[in-house]
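These numbers come from a predicted model, not from an experiment. Each chain gets a letter, A, B and so on, in the order its sequence line appears, and its residues count up from 1.
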Amino acid sequence: MSEGGLAIPTQNSATVRPNNDVQSVNRNEVDPILTRLKRILRKFRKDELATVVATSAVFKIAEVDINRQPIDKEALIKGLISVLEDVSEMQRIVPLLELLYIRLHSNMRTWHVLQVRNMEEQQENVTPEYFQKLLSDYLNRSKYEVNVTCQLYEEGLWTRISFTEPVRKRSQMVVFKESTSFLLYYPWTPYVLYCDLKVAHQELVQRAILQTLRGTKVKKLPLTGHKISALIQLAWQKDNCRFEENEGLPYVIKKELKKRKPKEFVENSNIVNEHEHEYRKQEDYVEKQFGIYEQPSLENILYSIKTSFYGLDASEKNELDDHQVVCTVNFKGQSVLEGIRELVCQGIADRDLPDYVGNLSHLGVNKVTIKEDK
Amino acid sequence: MATITSINKEPGVDKVVILLIGGRGVGKHRLATALIQTRSSLTVEVRTCVKLPLPKENEQERPYIDLIIFIVDMTSRASKMILEESLPYLMPECFVDKVCFVAMNSSMVNSYSFGIDRVIDCGDLYGCPVLYGDLQSRSHLDNLAQQIINQAEVKAGLKYNISSNFVTASFHGP
Amino acid sequence: MKRVTSPKASSSKRPRKSQDSQKAPTIDSVHEALDCLESATKTRSLPVQLSVDLIERTARSEGLPGDILITLVDIIGRRKLSEAVCRRLIRSLLPFDIIPIIAVLKTISWMGVGNTSIALQAELMRWIVAVYDHIDQKEDLHSIYGIIFHYLECDIVSPFACHLLYLLTRKEDVLPFRIRRVITLQSKVGAQPYLTGLLTLYKTYRPDLVVIQPKQKQKFFRSLGGWDSLIKEVKSRTLHILAPSVPEIQYTMAHQEEDLVRPEIQYQPVLGKNGIKTFQELQSLLENLKPPNGILSVLRSPARRIILTSCTDRTLLVRMKFLLRVLLFDEPFHFAEGKKRRGKHILRTLTDITEELQEGIPEVESFLMHYLQVWNGLQWRSSVLTLISRWPLRPFVELKEFVLKPVHKLLCSSSLEFQCSILECLTQLCKNWAVVELPRYKQAKMRQETNVDEYVPVISSVFDQEVEELDEEECLMELAAYIGHICVTALMLNPTSPPLLMYHILRFYHMTVDLYYTHDTTLLALPAAPVVYSSLFSNNVFCLSEMCRLITRYRGMIQSLKQRTGVQLQRHIDELNGYILDISNTIWRNKAFKPESESVLFKVPIPASISHSIDNPSETFLLLYHPALTAITQNFLKKAGDRVQHPKQVISDRAVRSAYLQYLSSHYMSGITDFLQTFIKMS
């Protein structure tokens, strides 16, 4: 896909600087950047480094021979770094590499979902540069020094925001601490996902998003998870009843939809199932309840109940304040919704499921409070 | 409630009907396929069900059942519960010569959810043979199927001059 | 020239030697050196330096004994000498063998006095950590845990204190206030690796108290500089003084899993550089064998097996038993996908050993007792059957319950081949019992009763086991009876009496008779009636012939048994007589199906339906007309050609009859001819 917002430096001989300049550059400035660059390059796997070279125009210029077998990662990294000439290039490339890394490894982070209400219908204009500029402008008005990088990848705007703030360490030293967080916004959907965002910065970022996308209200959904498409699908399904009827499916959901494989059943006239009838009824219910597509993969569902016992009158209730029933149930796994479906298939869960268990894919939440008595 | 008795139907000629009772996922279908594919001079028909009692709707078309096999999965306690709940629905005369217990996954000693002695005691209590099998290996499954067919031949009375009572009685020694 | 005052002059114990003032002072022994140091005032003096040198040299070469260490610690603690000297002294605190706990306690108490600088305290703490393994009686050290904990506060001593605490902590030392202290410290100085290490250890002991998750760093504690190598050096030099005079041979080997690395025998050179040169040396050193934990590897090699079994050391056997038990019970090798090969491998090794030793291993026996209950007949079939056939002599009830009954149950639902294998295995079991186990039992019992250890038995068990009181002959009889019973069951399950099955059954009975002639057992197990009669009426000529031969041999056996007194034979004689009568009636005397009082089979008159539909039913199974012998008879008649006009001449004409019988015996049917010759009077 297209790559936005990056100016490619041209390698003219005129711009080749003499070595003195490089040496006279402040060591303190070069080294942290160098280490960061090295660190981010090392995080990539060997095969991913090929993608790095292919997608970033800077490295393409270097004739780094990736196809030479066997690849020694360290040598490759050294080679890549040697192409870069000065600090500013390194500074430019580090955010892009981090974004690339997040894209490739988005399943490792926990993403949270924000919903923006009542956005104006100006989706066509949302380009990476526009997004980056608006966000950057708003955020830099705050007390932090903010650096925003945005790229478009497969119809989604991947944004990296880094906040730099001074932190006072022991005695007189003042150190600048940098914290990065990532945003993901799919135009045509009202959802923005973020990860690694510090609590202190949340409100600021929310307001920035509100401003940029020109919505009226932003709400943080109680929905978290690792897989992006699943999160978006769940949030989408909450607002639009049965998505099979709705044609306006975002691309990101569409590509992840997988139809379930039918169970291999060798029909043999000599094998007869006594409970055929029941079996059919069960299958029908499961299909009706859970659909023919595979459930989006959610890792964690939390149910909480906080209530007191029935049959207590007011006075007793006050005394038994400590005797509230506080119960939390946590389902954990690779794909909890699939698991719940399996439970019904196996017959372990009774057929008529309550709404908060059976209809989870349309509730769009991760944490369900079944009952909360104040 | 439809209980199975041995009196109200006629057995088929050169045909053996085996009923497999076991919870979901215990391997009935695979065992049934293996049973049908075993080389034998008889036709084998297999009926599977999840628990007893059998539904009334099939009462008319159901043939005479020659062998009833209870399948228990050693790694799943639910299957044992199904077994215990289904046993009361069999008429006592069936236990004399029709019933056999199969313990699946008997080789995964590490993942047993209940002790193997429960199954052995069950077999001793009801006087029925207990077979041990595995779903993982093809050869083990075939071996189990062959054993079941051999049992079925005796129990269906298709072997000359021997009945399952004789076999059970012979276990006590000379 | 300045006169060097010898510090010894101030010591009251030594007599003042006038020579000392002229000669350069020398320090000859460590004790002298210590005295010098104790009473020294100026560090720069020569005697002090010499003493320190001497102490250093001694320590490096052979280490210092405990009391000297204590004195040294006192000297260091008092701090009368300079910092550099103290440091050198600390570095020479290398132990000869062990460090007495007093030395360590004194160290810590001197640290607390406050005389020593912080750097020295750190050095001392480092020393304690370095020699931690050589301290004896660490109990007192545990009681001053709190004092050592206090040293965490000080930044410089803290790493070593942490390390010491890491080595020292037990579960009861992990207390909430200590944890809180460490956490506060961490927040003050940052997450230092040693603090993290200590916290991780605390978390291991009390996960409920430590809630934070200490990050896993690679190395918690710094290495101790040159200490390790120094101590090792000293130790290696002193080792030969401490080591026992007998060299130890130790196996080193790789443990478990699929890579079957051949173990090497490593020999520690102790007395010179000679290895074991002669076999006699090896024999004499066998007592010091230490088989490693990879019991399987030991058992796999024949040489090592021999060593194991010929070693008279009881502990070795006990160890082997324990390891086998661990192997068979705690390591369930029944199934996990990757371990199928391993299970097969283990059993095969054990089977090989059992065959070699000609005796069953007790642990394997108890494993089998459990396993046979859940055996599906297919897994490891050959190994299991071999191991069953080597079952030791036990009360028959045990054998029946744990081996014979499960096998019988399996037999009832298995294929013909498996039934035959089971029969073969049981035949072998019976034979082993009679030939090997019975004499072994008798000798073991005799040895137990007379309690004579010098008595060298001819057959003895490798495994020292108590023998129970049992009637061994009775057990054998019962076993044979049960096997006969199994034969009958197998026969009933295969109504067509296939020849393979008959072969195995008859082989069992032949074996029992052989046992009488070769090993002089008194096992008399007559075949059951169904066996006899299915052979009699079978379609296979070999069955008939072998059965006849068997009956003949039984007669011989019973006749020679009659000479012996005390053997109850009447019941058997009656049974055998019945068989003989029936067989002769059927194949020769033309009296089949005629009811006779002594006959076993023909007591009941044949129903009229049969007698009317077949004419001459009593003649139907004569040799001439026997369905099994049809082909042979036909061949004979063809060969005879013109000499025989009518087949009936085989019966009536004596010449033809003898020719026929000769023909039979030349075609491997001598069983029939022997029978006829033994029991029928041919006029």
Side-chain angles (χ1 to χ4, degrees), chain B residues 38-40 67 74-75 100 102-112 115-117 119-121 123-124 128-155 158-164 166-174, chain C residues 329-337 339-340 343 370-381 396-397 399-401 404-419 477-497 525 528 530 534:
Chain B
T38 322
R39 257 178 283 146
S40 157
L67 179 60
M74 291 306 296
T75 54
C100 172
V102 169
M104 284 295 195
N105 290 334
S106 61
S107 51
M108 296 182 163
V109 186
N110 269 343
S111 346
Y112 278 7
I116 193 88
D117 51 315
V119 183
I120 301 178
D121 289 341
D124 286 339
C128 305
V130 183
L131 298 172
Y132 303 94
D134 251 302
L135 285 176
Q136 267 85 349
S137 155
R138 183 78 217 177
S139 55
H140 283 242
L141 193 61
D142 288 337
N143 181 49
L144 178 66
Q146 185 65 51
Q147 284 181 312
I148 293 179
I149 296 280
N150 288 339
Q151 295 248 338
E153 283 179 356
V154 172
K155 290 192 197 289
L158 292 167
K159 269 219 166 119
Y160 175 70
N161 210 22
I162 191 167
S163 74
S164 64
F166 170 82
V167 174
T168 327
S170 74
F171 291 151
H172 294 284
Chain C
F329 283 97
D330 299 343
E331 193 196 300
F333 54 83
H334 292 271
F335 219 85
E337 269 304 299
K339 300 218 166 167
K340 253 197 286 196
H370 286 113
Y371 183 62
L372 281 174
Q373 310 280 330
V374 296
W375 191 33
N376 69 350
L378 183 66
Q379 206 175 24
W380 310 317
R381 188 183 278 181
F396 181 68
V397 183
L399 183 74
K400 179 170 157 190
E401 195 56 45
L404 294 178
K405 255 200 180 153
V407 164
H408 190 157
K409 287 188 183 159
L410 267 178
L411 186 127
C412 293
S413 56
S414 41
S415 61
L416 181 63
E417 291 82 19
F418 190 36
Q419 288 171 350
M477 287 281 215
E478 285 181 327
L479 175 63
Y482 199 91
I483 298 180
H485 174 68
I486 291 187
C487 293
V488 172
T489 323
L491 211 52
M492 295 300 280
L493 284 167
N494 296 288
T496 54
S497 49
S534 19

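What you find for C:Leu378 and B:Ser139 is that their closest heavy atoms are CD2-O, 3.5 Å. In plain terms, the two heavy atoms of B:Ser170 and C:His485 that are nearest each other are O-NE2, 2.6 Å. The two residues C:Lys400 and B:His172 make their nearest non-hydrogen contact at NZ-O, 3.2 Å. When all heavy atoms are compared, the tightest approach of B:Tyr132 to C:Asn376 is O-CB, 3.1 Å.
Between B:Gln147 and C:Leu410 the shortest side-chain heavy-atom distance falls below 4.5 Å. With a 4.5 Å cut-off on side-chain heavy atoms, B:Leu131 and C:Ser413 count as touching.
In this structure, C:Lys409 is positioned above the aromatic face of B:Phe171, its NZ or CZ under 6.0 Å from the six-membered ring centre and within 45° of the axis.
Interatomic distance, C:Met492 CE to B:Asn161 CG, rounded to the nearest 0.5 Å: 4.5 Å. Atom CD of C:Gln419 and atom CG of B:Asn150 lie 8.0 Å apart (nearest 0.5 Å).
Among B:Asn105, B:Asn143, B:Asp117, B:Ile120, the residue making the largest number of heavy-atom pairs under 4.5 Å with chain C is B:Asn143.
Looking at C:Leu493, the atoms closer than 4.5 Å to chain B (heavy atoms on both sides) sit in the backbone and in the side chain alike.
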